[in-house]
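All values reported here derive from a predicted model rather than from experimental measurement.
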Amino acid sequence: SGMKLVDQLGERLLLSPILWGGLLAGAFHFTLGKNPLKLPPWLVARLTGQWEGYVCTTLFLIAVAFLVIRCVGLAIQFRAWQRFEHDGSSAEDDKPVKLEARLELLDADLWSKRSLLCQRLRDALKFCQRQDAAHSLTTNLKQLSDTDHDRLPVDYGLLRMLIWAIPSCGSVATILAIAKVVEKLPSDNSGDVLAATATGLSGAFNLFAFSVGLAIVLVVLKFAVQQAEQLVLVTVD
């Protein structure tokens, strides 16, 4: 029991987007500090030297890690489905025996046994071993399907929070930058002062546009990955 708990904690840690996103952000900022990577000067200014740049890029990379982990999960789902379809192309046998045999083949694969399809088949087989009524099995599978569909939006809670947090951080930094520019305005309106004010305001608005742009990218990626996962749920059903 203790070893199982340790294994579960280790698995959660390895699948943590906060861990991988934090490590990726640390490596990215360290590399950028040593070498600008031939990035445009305006982008380098947004990424380095200011707290908001570090915060926004770190949150963005955590979101990227989240999406990569979900994409790996999608690859596992598609792999399991392909194996299931390939096994189903063999000669038709009695359905219960065929289900058990195909489930054993999925369980034999390290990745396929972690898929939603394998879990759904395993639950259905266990239910069939306890119950005989076909309509009860249908009801049970419908309940499992509804649970998976209801859990999918919840699983994206972290990503929704990051999509909200990145432009919010950019907005706070923009307001502070504008306030700093306003504080430095003297009473006279010389050309140098106006030029410095314009430069400060331009940097503030560029920062806001940069943070909003990161959020827009995440919104598009979230939509694509979530729709793919929705398609997997429908296919499994």
Side-chain angles (χ1 to χ4, degrees), residues 12-72 151-229:
R12 286 183 175 272
L13 186 62
L14 289 176
L15 295 178
S16 172
I18 297 177
L19 171 65
W20 292 110
L23 292 176
L24 184 60
F28 175 77
H29 289 302
F30 176 80
T31 303
L32 195 62
K34 297 294 183 180
N35 184 4
L37 302 177
K38 297 182 180 180
L39 296 176
W42 68 268
L43 183 57
V44 175
R46 297 281 77 80
L47 296 175
T48 61
Q50 302 293 332
W51 66 268
E52 62 272 7
Y54 293 113
V55 172
C56 288
T57 52
T58 299
L59 295 178
F60 179 78
L61 291 175
I62 290 175
V64 170
F66 177 92
L67 291 170
V68 170
I69 292 173
R70 303 300 293 195
C71 287
V72 171
R151 188 175 62 241
L152 184 59
V154 178
D155 291 341
Y156 279 80
L158 174 63
L159 187 57
R160 288 196 300 271
M161 186 274 291
L162 293 172
I163 291 174
W164 170 85
I166 291 174
S168 298
C169 177
S171 299
V172 172
T174 301
I175 294 172
L176 293 176
I178 293 175
K180 187 176 181 179
V181 170
V182 172
E183 287 177 357
K184 292 182 178 181
L185 285 177
S187 57
D188 56 9
N189 295 323
S190 63
D192 294 339
V193 172
L194 293 177
T197 301
T199 301
L201 292 176
S202 175
F205 289 124
N206 284 337
L207 170 62
F208 179 73
F210 176 71
S211 62
V212 172
L214 292 180
I216 292 174
V217 171
L218 292 181
V219 168
V220 174
L221 294 177
K222 172 184 175 293
F223 175 80
V225 177
Q226 191 169 2
Q227 288 300 307
E229 291 204 47

> Heavy atoms only: give me the nearest P167-V212 pair and the separation to one decimal.
CB-CG2, 4.3 Å
> Side-chain contact, heavy-atom cut-off 4.5 Å: V64 with W20?
no
> Can you tell which of V217, V219, L214 makes a side-chain contact (heavy atoms from CB on, under 4.5 Å) with I163?
V219
> Can you pull out every salt bridge (Lys or Arg N to Asp or Glu O under 4.0 Å) where at least one residue sits in residues 55-70? Sequence neighbours excluded, please.
R70-D155, R70-E229
> Look up atom CG in L176 and atom OG in S171, then write down how far apart they are to the nearest 0.5 Å.
11.0 Å
> Testing the basics here: between C169 and V55, what is the closest heavy-atom pair and its distance to 0.1 Å?
SG-CG1, 3.6 Å
> Ignoring hydrogens, what is the shortest heavy-atom contact between V225 and C71? Give both atom names and the distance.
CG2-SG, 4.0 Å
> Is any side-chain heavy atom of E52 less than 4.5 Å from a side-chain heavy atom of V172?
no
> About how many Å separate CD1 of I166 and CG of L218, when rounded to the nearest 0.5 Å?
5.0 Å
> In Å and rounded to the nearest 0.5 Å, what is the CG to NE2 distance from L24 to H29?
9.0 Å
> Atom CD1 in I18, atom CG in L158: separation rounded to 0.5 Å?
5.5 Å
> So, for G170 and S211, which heavy atoms are closest and what is the spacing to 0.1 Å?
CA-OG, 3.5 Å
> Measuring from I178:CD1 to L207:CG, what's the distance to the nearest 0.5 Å?
9.5 Å
> How close do T57 and Y54 get, counting heavy atoms only, and between which atoms?
OG1-O, 3.2 Å
> Strictly by salt bridge (Lys or Arg N to Asp or Glu O under 4.0 Å), give each pair with a member in residues 209-225 just once, sequence neighbours left out.
none
> Please give me the minimum heavy-atom distance between G22 and I62, naming the atom from each residue.
N-CG1, 4.1 Å
